[in-house]
Amino acid sequence: MTELSERQQLSYIASQAADARLNVELETEGMTLNIGPQHPATHGTLRIIARLDGEQVVWAEPSAGYMHRGYEKLTEVRTFPQVTTLINRIDWLGSFANEVPFILAAEKLMEIEAPPRAQVIRTILFELSRIANVSLFLGDLGVQMGATTPAFLAFRDREYVLNLIESATGGRFHPNFDRIGGLKDDLPKGWINETTAVVKRLIGFCDENEDLLFGNEIFQSRMRGIGVIPAHVAEEYGLSGANLRASGVDYDLRRDNPVGLAWDKADWKVWTHPDGDSWARCWIRLQETRESCKIVLQLLEQIPAGPIMTKVPRIIKVPEGEAYVSTENPLGEMGYYVVSKGDLGPFRVKIRSASFNNISITPWVLKGVYVPDIITILASLYFILGDIDR
Amino acid sequence: MGLVDKGRMPAPLTKLFNISRSYSMWVYQWGLACCAIEMGAAFASPRYDVMRLGVIPLPASPRQADFVCVSGTVTDKMAPAVKRLWEQMPEPKYAISMGSCANCGGPYWDSYSVTKGVDQIIPVDVYVPGCPPRPEALLEGIVLLQQRIKNEDMQAKWKGDEFTTLQAKRQAERGELHAGDPTGQSTHDISTDPQPIPERDRPEPIVVGGGPIE
């Protein structure tokens, strides 16, 4: 190599330095993706903060609290009958199911029991609210993947269920129908025949949805093998409901702990799935809607005669004590730990809602997935923001 | 839109513009809580079908929207996001407050974490009471908003808040806004004193059903 002049040497060094700088600039960096708080795919106002490396999620965390309305504090300044008005609105898609465990806890403290007729009607309304809840989930599932037709179908058939709930309770969305010791009113005339027709229609909706959505190749390829949660992880994170059963754990509070409701009078099946992926979670919910329809159809034929309300004092004072009652709500296990000091209202109510535990697994399950799969995994976990933040 | 900027729109043209505007409204859905499902039923279900009213419920961002439908509980954590959304929308813009929570706090009137009414943050044109309101009530609110838009003076609405602020500033510079101290006892010079900018003259909000907002 011939000797370089000083000027040439300097330019050589400068070019080397420029190359070094360029290499630094080409190094890839992580990126923080912020989904929410208002995003069509988050079922409300959940915010997911995801750290990405290219298309893969390195680290993700949910940021809850955008819908925190302070239920547990508000129940301390309400009387027992007033509390049901509030807790209707926790899981707003299946409102009646929210009231039942609280009322059962209060009844447990007062040592009374609703008459058999009220219990069967409670179970029917409970399952109807589950159908209303999960049918919207099945419709929304398509929207997450860019298909709008299932949502239209779901809203079409869900209206019939809401009409049933409205004609029985007076409330389309928030019935506020359950009372300590029974129910507010008896069923209206002709309701049973109408319900039979609507529930049969809903079974048709499930079949249609299975053909249209679950049989779709795109849907399957985006769901199968994505977001797998093994059984032991699901148990450790405290998942419940269909998310737990999709991981192969055979646990359903309706069968295992039927707290004074009439599920044992019907013949139905608890579905489980061994896979634990997004597909399994959606499929379990579809099967559960069918089972709910079966339960309703069977219970409609065996509503016993009799009163719908036991004798309770006009002003309800719940005696001192503590009680915890949980039921299998549409989203999972929902329980109320009620502490009473003998007053008109509860001293303290701790609400164990299903979605809060279900969403706690997101940092684990989102690790290593691709960005489009975040949406489908969140959709299949199925949470409601009122149920998370309370 | 030179004529609009100068505020010299001929009346027939205003009429035409208002009719066009009222039947091509893009709504941004700010669904927060239970009311979001009823809003979804009104906007996306075949039974209620809002598109027959000339409302398109699917803009990708608030920058494309003509009005926003705030439905559900606005919490203190969410309030800055609602405010930012409103500021991102282009003029002329309208707001519908759906449900008791967005109107005044609703069942959470004594909660520590709930904003008692979205009208503390953004100006509301139509209140839809109910907990949650039926989809028909929301549709009536939209129809009432359309009627208002049809009879609107475009000049005032089109130019929006920024324009009004600018006008007020100019008037303040010219000294038109201050009547001065009637007693004449004031010692300091009023014209250099920062003057409060008058609030924009908004029409009274509409309440679906006609009752008080409670």
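First the proteins, then the strands, lettered A, B, ... as listed; each starts at 1.
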Region of [X] that comes under 4.5 Å of a non-hydrogen atom in chain A:
X     : value
B/P62 : neither
B/A36 : neither
B/F43 : neither
B/Q29 : backbone

Drop me the distance from [X]'s [atom1] to [Y]'s [atom2], to the nearest 0.5 angstrom.
X      : Y      : atom1 : atom2 : result
A/L162 : B/E38  : CG    : CD    : 7.0 Å
B/T73  : A/D389 : OG1   : CG    : 11.0 Å
A/Y71  : B/S113 : OH    : OG    : 10.0 Å

Can you tell which part of [X] gets under 4.5 Å to a heavy atom of chain B, answering side chain, backbone, both or neither?
X      : result
A/R172 : side chain
A/F152 : both
A/L136 : side chain
A/E166 : side chain

Taking side chain as C-beta onward, heavy atoms only, is B/P132 less than 4.5 Å from A/H174?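 When only atoms from C-beta onward are counted, A/H174 and B/P132 do touch, with a gap below 4.5 Å.
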A/R69 versus B/P107: any side-chain heavy-atom pair under 4.5 Å? no
Would the B/Y112 and A/H68 ring centres measure less than 6.0 Å apart?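 Distance test on ring centres: under 6.0 Å, yes.
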Taking every non-hydrogen atom, the tightest pair across B/L32 and A/W92: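 Here B/L32 and A/W92 meet closest at O-CH2, 4.0 Å.
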With chain B, the option among A/R156, A/K73, A/E159 that has the most non-hydrogen atom pairs under 4.5 Å is A/E159
Going by side-chain hydrogen bond (donor to acceptor under 3.5 Å, both in side chains), name the pairs with one or both residues in residues 74-84 of chain B, residues two or more places apart or in two chains.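 Residue pairs passing side-chain hydrogen bond (donor to acceptor under 3.5 Å, both in side chains), neighbours aside: B/D76-B/T115.
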From the list B/I37, B/V114, B/L85, the residue making the most non-hydrogen contacts under 4.5 Å with chain A is B/I37
Check side chain to side chain contact (heavy atoms under 4.5 Å, CB included) between A/P150 and all other residues, then give those that pass, not counting sequence neighbours. A/A147, A/L213
Does NZ in A/K200 sit with more than 12 non-hydrogen atoms of other residues, nucleotides or ligands closer than 6.0 Å?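 For A/K200, atom NZ is not crowded (no more than 12 foreign heavy atoms under 6.0 Å).
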Considering residues at least two apart in sequence or located in another chain, which fulfil the side chain to side chain donor-acceptor pair (under 3.5 Å) criterion with A/K184?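 Testing A/K184 for side chain to side chain donor-acceptor pair (under 3.5 Å), a comparison that skips the adjacent residues, returns none.
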Within residues 45-54 of chain B, which residues come under 4.5 Å of chain A, heavy atom to heavy atom?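 Those residues of residues 45-54 of chain B which have a heavy atom under 4.5 Å from chain A are B/S45, B/P46, B/R47, B/Y48.
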